[in-house]
Amino acid sequence: MLTQLSNTTVVILAAGKGTRMMGHGTVAKPLLPIGGEPLLVRSIRQLHEIGLTDFIVITGHDAQTLKSTVTAAYPFVRYWHNACYAEDRNILSLLGGVRHIARDKAVLVFEA
């Protein structure tokens with residue numbers, strides 16, 4: 001159980017195209033509807049409900065749509081864009097996001 005939620009930053013890796021999910025239409029994986037809401041919004045909501053409030057979402061593919069969807073529900077979420085997302089396998093996304101976190105903060109990493 002997380003004991004210091006106020007000192008925790010959640011980094012959500014959401015830069016990829018979700019090519020393994022392409023049989024589900026043209027919507028990027030983080031925006032696929034689950035239970036009536038986009039997967040990424042649902043994940044942030046659930047994490048926020050347990051007390052986490054500091055989020056960095058790593059964008060790449062379809063960044064503007066992803067940002068506008070999340071920001072509509074959670075305007076406090078921060079973003080970092082991985083311009084090399086197509087060549088990356090998450091490590092650049094992770095490093096880019098972590099660079100924006102204070103050294104004394106705990107970090108939780110999630111994949112969208």
Side-chain angles (χ1 to χ4, degrees):
M1 182 72 174
L2 297 171
T3 57
Q4 297 179 341
L5 296 178
S6 64
N7 195 41
T8 301
T9 299
V10 179
V11 176
I12 302 177
L13 306 175
K17 291 183 177 183
T19 55
R20 291 176 289 182
M21 301 285 289
M22 284 307 184
H24 296 280
T26 58
V27 176
K29 181 176 71 172
L31 299 178
L32 283 173
I34 305 293
E37 63 187 332
L39 176 61
L40 182 55
V41 172
R42 180 183 182 92
S43 297
I44 293 169
R45 177 182 55 76
Q46 291 173 331
L47 293 165
H48 192 254
E49 285 174 356
I50 65 166
L52 292 158
T53 59
D54 188 17
F55 295 86
I56 298 175
V57 173
I58 311 305
T59 64
H61 174 70
D62 204 8
Q64 285 307 107
T65 302
L66 192 141
K67 282 177 72 171
S68 64
T69 300
V70 172
T71 300
Y74 297 100
F76 57 83
V77 170
R78 296 181 287 155
Y79 301 90
W80 183 77
H81 182 73
N82 178 358
C84 299
Y85 72 89
E87 295 86 37
D88 184 25
R89 293 286 182 233
N90 284 342
I91 194 67
L92 292 178
S93 291
L94 178 59
L95 291 174
V98 170
R99 276 196 323 227
H100 300 284
I101 300 171
R103 293 182 186 254
D104 64 337
K105 300 266 294 196
V107 178
L108 288 176
V109 178
F110 287 88
E111 289 208 41

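All figures in this text were calculated on a predicted structure; none of them were measured in a lab. Each residue takes its place number in the sequence, starting with 1.
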Among Ile44, Val10, Ile12, exactly one meets side-chain contact (heavy atoms from CB on, under 4.5 Å) together with Val77. Which residue is that? Ile44

Does Arg78 form a side chain to side chain contact (heavy atoms under 4.5 Å, CB included) with Thr9? I'd like the steps, not just the answer. CA-CA 11 Å; Arg78 296 181 287 155; Thr9 299; 3.9 Å; yes

Partner residues of Tyr79 under the side-chain hydrogen bond (donor to acceptor under 3.5 Å, both in side chains) criterion, sequence neighbours left out: Thr71

Point-to-point distance, once rounded to the nearest 0.5 Å, from CG of Leu13 to OG of Ser93: 6.0 Å

Can you name the residues that form a side-chain contact (heavy atoms from CB on, under 4.5 Å) with Thr69, not counting sequence neighbours? Leu31, Pro38, Val41, Thr65

Can Phe55 and Phe76 be said to form a side chain to side chain contact (heavy atoms under 4.5 Å, CB included), step by step? CA-CA 8 Å; Phe55 295 86; Phe76 57 83; 3.7 Å; yes

Pairing residues for His81 by the side-chain hydrogen bond (donor to acceptor under 3.5 Å, both in side chains) criterion, not counting sequence neighbours: Thr59

Hey, any chance Trp80 and Tyr85 share a hydrophobic cluster, counting ILVMFWY side chains that come within less than 4.5 Å of each other, even indirectly? no

What residues form a salt bridge (Lys or Arg N to Asp or Glu O under 4.0 Å) with Glu49, not counting sequence neighbours? Arg45

Test of understanding: with side-chain contact (heavy atoms from CB on, under 4.5 Å), list the residues that count as partners of Val107, not counting sequence neighbours. Val11, Ile101, Val109

When rounded to the nearest 0.5 angstrom, what is the spacing between NE2 in His48 and OG in Ser43? 14.0 Å

Which pairs, with at least one residue in residues 101-110 and sequence neighbours excluded, count as a side chain to side chain donor-acceptor pair (under 3.5 Å)? Asp54-Lys105

Applying ring-ring contact (aromatic ring centres under 6.0 Å, His included), can you list everything that pairs with Phe110, at least two apart in sequence or on another chain? none

Can you measure from CG (Asn82) to CD (Glu87) and round to the nearest 0.5 angstrom? 8.5 Å

Would you give the length of the straight line joining atom CG of Leu47 to atom OG1 of Thr8, rounded to the nearest 0.5 angstrom? 11.0 Å

Other than Ile34, which residues form its hydrophobic cluster under the rule that side-chain heavy atoms must be closer than 4.5 Å? Leu39

Hits for side-chain hydrogen bond (donor to acceptor under 3.5 Å, both in side chains) against Gln64, two or more places apart or cross-chain, chain-then-number order -> none

Spacing of Arg99 atom CZ and Ile56 atom CD1 [to the nearest 0.5 Å]: 11.0 Å

